[in-house]
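Structure first, commentary second.
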Amino acid sequence: MSSFDESDAFESASLATRAMAARPTPYLDDLNPAQREAVEALEGPVLMLAGAGTGKTKALTTRMVHLLNTNTARPNEILAVTFTNKAAREMKMRVGRMMGEAVEGMPWLGTFHSICVKLLRRHAELVELKSNFTILDTDDQLRLLKQLVAAANIDDKRWPARMLAGIIDQWKNRAWTPDQVPAAEASAYDGKGVALYKQYQTRLRELNAVDFGDLLLHMVTIFQTHDDVLEQYRRWFRYILVDEYQDTNVAQYLWLRLLAGGHRNICCVGDDDQSIYGWRGAEVGNILRFEKDFPGATVVRLEQNYRSTPHILAAASGVIAGNRDRLGKELWTQAEEGEKVRLIGHWDGDEEARWVGEEIEAFHSGTSGVAKRRDNVRSTSATQESERIAKGGKRSQNREGDIHEINLQRTEALSEQGKSNLPRPRTFGLDEIAILVRASHQMRSFEDRFLTIGMPYRVIGGPRFYERMEIRDAMAYFRLVVSPADDLAFERVVNTPKRGLGDKAQQKIQVTARQNGVSLVEGAAILLEEKGLTGKGASELAKLLEGLRRWGRLVGDKDVSHVELAEMVLDESGYTEFWQMDKTPEAPGRLENLKELVKALEGFENLQGFLEHVSLIMDNESEEVGEKVSIMTLHAAKGLEFPAVFLPGWEDGLFPSQRSMDESGLKGLEEERRLAYVGITRAEEVCTISFAGNRRVYGQWQSQMPSRFIDELPEDHVEVLTPPGLYGGGYGAAGGGLGTIESRVAEANVYNSPGWRRMQARSQQRPMSQPQEARDMVIDAQAVSAHEMGERVFHQKFGYGAIIGIEGDKLEIDFEKAGVKKVVARFVTGADDIPF
DNA sequence: ATGAACTTCTTTTTT
DNA sequence: AGAAGTTCAT
């Protein structure tokens, strides 16, 4: 994508298009009836409810083509908004391809944010900004807020600036200016939230800067307070299309409603079941309310799925059916039956990763890694155990320890036999396989495992290029060269690399600048003149200022390209050298990134254009290719599809995420459920769900309970894989063979398996069984005797302390932080012991 | 002013 | 377990 061609965007209709007579519409024949209806209803409000894999993008792009092709609209009269740059790019490409060369790019097809930047630059003065305002990244934003918080004498231990940033963000998402924040929010951030928000906005205006939320908020404000401007755009944007409507927040919703208010030619596409961004302000309510907002709207449901097999669809439908307040859709497909969704439990997270790795190898080479042959790989103890279960006996007194042993044995047996010889219907290329996790920390065990077995993988959506420290530093240098008054950029680089300008020196600069009412760069110059700094710091600062002046003069110089200038800045500032001297293992990579950054500059006219681009394109541009397994979060997977999908970590607390449920209760749980729905519907042919009995959480082993979503999977569409897991083990055993009725019944019975029951039981806080208590007593006794009076000990929750008394199985401890407490001895370790 | 040592927090998800 | 932020000693 290139920088802006905004001045032309409104006026220059594509004459070629305009001159065209209405053409035939062969593209309509490619559509199914529902899609066609959505495409042909050009006038008035349209809501397209597009389930996963139902050809939503196709319908949307075809609609655009139809608008153009029938001469209903010119390219510049169509406002088409997406959430991601990727989606915008994709649509541009598809429309372009369908229309041939006749259409120049659509100037108003882009993300909410990029379109708002274009608009806001034209009308900046209406919100007291200059049109060359800068867009802050989250680092700048946070730094600014920290300053305000410190100035307000707030203990940022108890009230972190991060929290304030989050609060302000949410307010902006709801389109509340400081004056509009409702009274109910008055207690936010120790009662000082609103005041700080106001200060923050003032500060931004002083800096001629906006944050991401402002882009929308300012435009909504302008539309609401300037009828003439709004009217102008209502005339210009005669047709509006919105992708992923279920993800819009209030500000975006208002923005759209204002723009569509006149002609009501708005077509929103979305799927309420795939709304997964509530945490950042998205309101499912927007899509649920569409028909009320736009009475008489045409509502079209796209329900024919072209992606997944019936079992996969049924599993997904079964899960999502647990949500209330749905608009309701019934996905169907003509695809062949295919495999059931596969479910497997594992001993722990590492084991899960190991198994997935082997399974992928098997997929790749054409043999199923799974225990189709499970009947003959059971270890003796497992067999006995399962027979006991089969007879209806309780798995009494089995504590984790026992199960662990059993399963370790079984696991070993299986790793020999695991790769059964049954061929899959087909093999999979590695890039047809994806692992979708709930939280990015889950990726780690997979990466570790894949590195050791040499499985090529790629992580999608990780830290984005432009968010990396070295890139931001370099960008700050560029910003400062282009606009020396960019105080936030100055703060970022003044002591990077180290110039001997620490807190104290920086404070002096701040004070001088404020006293003189000038920018930090000018303030620094004055400070030097006044000899307010001495020694190394002074000379280094002088060098930096001199450099900035020199580079600044070269901006726009016709003898020095902006690429050369950028290189010069990085070299002469000492930034490149800073990383060359760095001995840490990541230093070479960072240098590499800097090179890439400079290279990326070549695609732009000048530095300014590049800076503009980067502030909005936080995309991971480089989509590396190659035969690799993809690892990503469920959120990152939305909109993608893969023949084979692994969904690991289906454990309560992880997925659904505890935090989600704590913060948002049922709403949070429903969003998690939608996430599960999104995950399953990414799969075309094979979908494998797994969970582990134990997992490291914050470096601490925790036993896990299978996700409640597993309960919600319709049994008829799930195949429970036996070992090397904890829970399914041995169910096929009773019947003794693959395909027998007994085995199938037994498989379905995983829900009644002892491991399952044990987990369920624990969730209901049933009291411990007798033997366990007895065992705990022994443990306690041992634990007490392991300690002595006065010993320095450590407790997971209370920290360090000294033993001042022993009573039965409890120790009385004087904790350094938490004071005197009585705690059960087994929860305490010697301060010098290494707990494990 | 700077690095080492020690603490505390973190794990959602992103334009 | 690791990162990030804090405090402390040079």
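Proteins get letters first, then strands, A, B, ... in listed order; numbering begins at 1 in each. This structure is a prediction, so every number in the text was calculated from the model and none was measured.
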| note | A:K157 atom NZ is separated from C:dT7 atom P, nearest whole Å, by 5 Å
| query | Looking at the side chain of A:W279, which of B:dA1, B:dT15, B:dT14 is the nearest nucleotide? | reply | B:dT14
| request: Considering just the side-chain nitrogens and oxygens of A:S440, establish if one lies under 4.0 Å of OP1 or OP2 belonging to B:dT13. | output: yes
| Taking atom P of B:dT15 as reference, at what distance in whole Å does atom OH of A:Y466 sit? | 14 Å
| said: Both A:F112 and A:K536 contact DNA chain B. Taking the nearest nucleotide for each, which residue is further toward the 5' end? | reply: A:K536
| Aromatic stack A:F212/B:dT15: centroid gap under 5.5 Å, interplanar angle under 30° | yes
| Once you round it to whole Å, what is the distance between P of B:dT10 and CE of A:M443? | 20 Å
| A:K504 side chain: which of C:dG2, B:dT15, B:dA1 is closest? | B:dA1
| Rounded distance in Å - CD (A:Q506) to C1' (B:dT2) | 13 Å
| How many Å lie between CD on A:E586 and P on C:dA4, as a whole number? | 10 Å
| said: Nearest 0.5 angstrom please: A:L436 CG to A:F642 CZ, how far? | reply: 7.0 Å
| Side chain of A:Y277 - closest among B:dT13, B:dT2, B:dT10 | B:dT13
| query | Of the nucleotides B:dT15, B:dT13, B:dT14, which has the atom closest to the A:R280 side chain? | reply | B:dT14
| field | For atom CD1 of A:I460 and atom C1' of B:dT13, their distance in whole Å | value | 16 Å
| task | Report yes if a side-chain nitrogen or oxygen of A:N495 is closer than 4.0 Å to either non-bridging phosphate oxygen (OP1 or OP2) of B:dT2; otherwise report no. | result | yes
| task | Could you tell me whether the side chains of A:Q201 and A:D214 share a donor-acceptor contact shorter than 3.5 Å? | result | yes
| task | Could you tell me the separation between the OH atom of A:Y277 and the NZ atom of A:K638, rounded to the nearest 0.5 Å? | result | 6.0 Å
| remark: Shortest non-hydrogen pair, A:K92 vs A:M106, comes out as CE-O, 3.3 Å
| task | Determine the contact category for A:Y698: base if any of its heavy atoms lies under 4.0 Å from a base atom, sugar-phosphate if only primed atoms, P, OP1 or OP2 are that close, otherwise nothing. | result | base
| query | CD of A:Q700 versus C1' of C:dG2: gap in Å, rounded? | reply | 13 Å
| task | Please report, rounded to the nearest Å, how far the P atom of B:dT10 is from the CG atom of A:L654. | result | 17 Å
| Will you find, in the side chains of A:Y200 and A:D211, an N or O donor that is under 3.5 Å from an N or O acceptor? | yes
| message | Whether A:R695 contacts B:dT11 is assessed here as follows: a side-chain N or O lying under 4.0 Å from the phosphate OP1 or OP2. Is that the case? | response | no
